[in-house]
Every structure is written in C-alpha cells, then in structure tokens.
Amino acid sequence: EIFKMRLLTHNYMQSTVKGTENGYPLQIEADKIEYEESPFDPDFVIALIPKIEYKTILFAVQQIAERCSTDLPSEIQLPDLPETIEKDDNSEYDKELLKKLHVVLLDIHVVQGHLVCPGTGRRFKITQGIPNMILHEDEI
Amino acid sequence: HVHLDFQRPELESVLSLHDIKIGTDCLDIPLPRHDSEYPHKRPFLILSFDYDYAKRKFNLCDEDEVLSDDISRLSIIDKNRPTVASVLSRVTLIRSALELFGVGISIDTCATDVGMLWKGIAGKEILSRCMEETSSWSIQIHTLGTKYKREEQNEMRDRFAFLNFPGPVKIKDPTNEFLLIREVELDEKGTPLYPRYPTKDILNEENDSRPPLGVYFGRILGGIRDWRGNNRLERLSLKKRSYLGPTSMDAELSLIMTNLGKVQKNSFCFEPFVGTGSILLTCGLRGGYCCGADLDIRVLRGRNENENIISNFQQFNLVRPDLVRSDNSLYSRHYLTDKPMYDAIITDPPYGEYIGCIFKYSECIMSILCKTFIKYK
C-alpha cells in the first residue's frame, strides 16, 4: 500500500459530529494492518512522549490487537506496553520501552478500516491508507 | 523581492538554531554610507563577533572542511564548533560569506582599514592564516555590474599588494580567494543606477566620478558555494521530483520557509494544506517527522502510484509522512487542540490570488546579490 496511517496520527484525531459529547478517542476498526520498519531514534520517541495521550495508545493497541495477530508478519509482535510511562532511577527512559513505543507509534499502520466516533457511532472510512474525516453539512 | 523580505528573518532563524542571536552574540554593523539617501535595501550585512567568542564558537581554521553539496547538509546543525560557512550554508538567501578584513567609503579608506588588521591580536591571527608560502591566492573583484577594464581592476588589486601574500597567484580554486567589492547604487532590477558606460564605450564622466557606496575587502569563507552563487541545490530542482502539481511551491521558497520554521532533526512538522507536498518534503529533508492534511483527495492521492507525495519522500529515502483527508480551515473539527503536538506548522494556504501567480522571484534574487560578512574584532 502506498499510503498508511500510524497510531501516532490516530492519537490526536477526534470526532466533532453534531450530537456527540465526546468524540475522542476514535475507535479503530482495522480491516488491514501493515508493518513497515523505520529507523529507531530514541531522541525522537522521547520527544513524542509528552505529546501523546498514552491512554489512547493503549486503547488503540487493544483495538487493533486482533487484526495484528493475523496481519503482522510472524516475526513481529504487537509489543505489550506498561500501564504508564515512567523514567527509571537515573531519570531516563528504558531503551526497550522506547523501542516498543517506536514500533507502536510509527511502524504499525492501519491501511484499511474505519475510525469510529465513540459518541455517535459515525464511521470515518480509511481507504487505501488515508482516513477521510470530512463531515457532511448536517453533521457540523 | 518577495523573498528579500525574508532575508533577515531567515538568517536570524538559522543563527538561532545555532544559539546565536544578533545583538547579543554578535553585532549588526552599519554599512558604509548607511545614512545616505539611497532608498533600496542593500545586499550586504556585516556581523561582528568578538574574536574569542568566534574562536570558541566556530571552527576558524578548517574553512575548507565544509559540508558537501549534499542533501544531508539541509538538516545538519552542528552546534559543536561548526564553521561559519556551514552555519550560513543553510541560509537560502545568503550567497556567500567573507571574513571581512576591512571596509570603507572608498578604496583608499578600505585599504587603510585592512592595513590596521596587523595591529590587533585577532587581526594578526587572521592574516597569519593566509600567510603560508604554499597557499595560493587570488583577488576577485566584484563591482555589482559596473564595468571596469582589466588595467583598472589590477590597479584596484594593487592597493592591497601591501598584504604581501607569499604564496603563488592562482586564479582558479586558490587556497585563499580574496574578494574586493566596490558597492554602487542599484535600481530595483539590480543594475547600476549610475553606469560608467551607459552608451557602449563612452565613459559617462559624472557617473564615473561618483564615490562608491562602500568598499569591502575580505577572504571568502567556505567552499560550499562560489560567491556568485552558482552552487544551487540541483537535487531539489522541481524537475527532479517525481510528483509535481500546478501549484507546487518552488523549492527555494520552501527552503526559506522551513528555515523560518526552524525545522531540524525530529521536528514534528504539520502541513494543513499539504497539496502536492513540496513544503512537507523539505521538512522531511531537514530531518523532520511529517504529517500532512488536505481537503482534496485527488491531490493527496497524487497522479498515480509513482507520482504522489509518498513517492517524492521515497525518492529521497525519507520516512513516510502520514496523510489525512480533512478540512483544515477549522483544525479543531478533526484534531485535539490541547496538546503541544507540533514543532512547526508550515504551509501555503490555498485561498486568495496566489493561484495563477507567476513567481519571478528567481530573477529578483539573481540580480540582487546578498552576502554576509563576518568581521572579527
């Protein structure tokens, strides 16, 4: 697939469909998942940590877990992540944790499926890796 | 002209990426005759650094060891003792940099100023670096379009013969290339306002007797670009990207914008009106992580599987950007707004008269040279 959507992108997307009180986080119906490795840069992952909603990452991982078990290549496993991200005694992040975050945020992609508004159930289609978030006139 | 307005901000942005602030870490020295009535923006800037600071900050000796003309130099910022040239190489609107030996309102006063160099500690060190017997040298003369005969040019050179460089003269690619600039008034198109030969071969005495705006003498720093600015970033030439659209922003403008946005390695970059992704690509080339969004799905998809934003990124071996179809004139409709997500948001908004505009900027830049001088105190 040419285009793909990362969980990092999902992390800050929301639905503001009329009638929804809470449009975040979007649920993920993953019909097709792909893994694409990218170079691991610990500094970048560390910079991302304050920017992301970690709970949403955990949620997103849960959402795609089943599809990952069928779609990911056998040598790649969806990493299991801790409940919270914390620094160790040296005030640093564990490198293995950073690697796991890297995989989850940047290397696992949703290619086909839907993002679903938790409030209204409105489904936003992900076609060939690009999510379509455009609202209709009556939804605004 | 559109771009010249960005010259100073772009320079300041790139300097700040190296923790250098004009006014604090260096001074902006007024040009000769800065109080004259000449109305146009002058193409030169003199920055003065305290010599000890400069020695600490920059690698003064290895001016030849500059970053190669390579894509990598778009993103590298070496805070640990870069060369002056490597810092400035990132600035799009700066043609070249001189290590300024002297400046004046005439050739005489400039030569006198250069002669004072020996008297200071900094000056002695600077000149000593040029005094290797094995170092070849030459003096180029830049008269901003005013015509001078060869004998006249040699006369100008002779005024600086007192420097007595021991090495051999070598015109092409010498070890040390010195530049003598005789600045005159230019019109908006960048041609001399008072040409010596307005009619071919007939000297206009009145114009000829006008004093210059300023005269500068110094040593060209770095090998990244020759001072005529011929070393363009060929690889970013529009022709070479696989996907172009009718509104693809010229590569040079996106270089300037990404400098203004201080895009560097790991900057989280967002383009809310990504279009064909020219600006986004430059963010990627500077080491940024890229996301783009657009209303128009056809533009996001590109022309075909080999001509789209993703293929442009792949062409340069960059990590793929994420793309979303959304209406970004109202960002909060689709995205959370309470987290400081982005380091840079750089875009060309698609509303207004720009569609159909023909950019003639390249002519403007070509005719108005800009250089930065670094003068050591």
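Below, chain A is the first sequence line, B the second, and so on; all start at residue 1.
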Close aromatic pair by centroid cut-off 6.0 Å: B:Tyr335 and B:Tyr342: no
Selection from B:Thr337, B:Ile297, B:Leu336 maximising heavy-atom pairs under 4.5 Å formed with chain A: B:Leu336
Pair [X], [Y]: side-chain N/O donor-acceptor within cut-off below 3.5 Å:
X        : Y        : answer
B:Arg303 : B:Asn308 : no
B:Glu10  : B:Thr92  : yes
A:Ser38  : A:His102 : yes

Lys/Arg N to Asp/Glu carboxylate O, A:Lys4 vs A:Glu1, below 4.0 Å: no
Heavy-atom contact with chain B under 4.5 Å, split by part of A:Tyr24: side chain
Part of A:Gln128 lying under 4.5 Å from any heavy atom of chain B: both
Side chain, backbone, both or neither of B:Tyr331 within contact of chain A (heavy atoms, under 4.5 Å): side chain
For chain B, the option from A:Ile126, A:Leu8, A:Asp43 that forms the most heavy-atom pairs under 4.5 Å: A:Leu8
Pairs of heavy atoms under 4.5 Å with chain B: top-ranked of A:Val17, A:Thr16, A:Leu26: A:Thr16
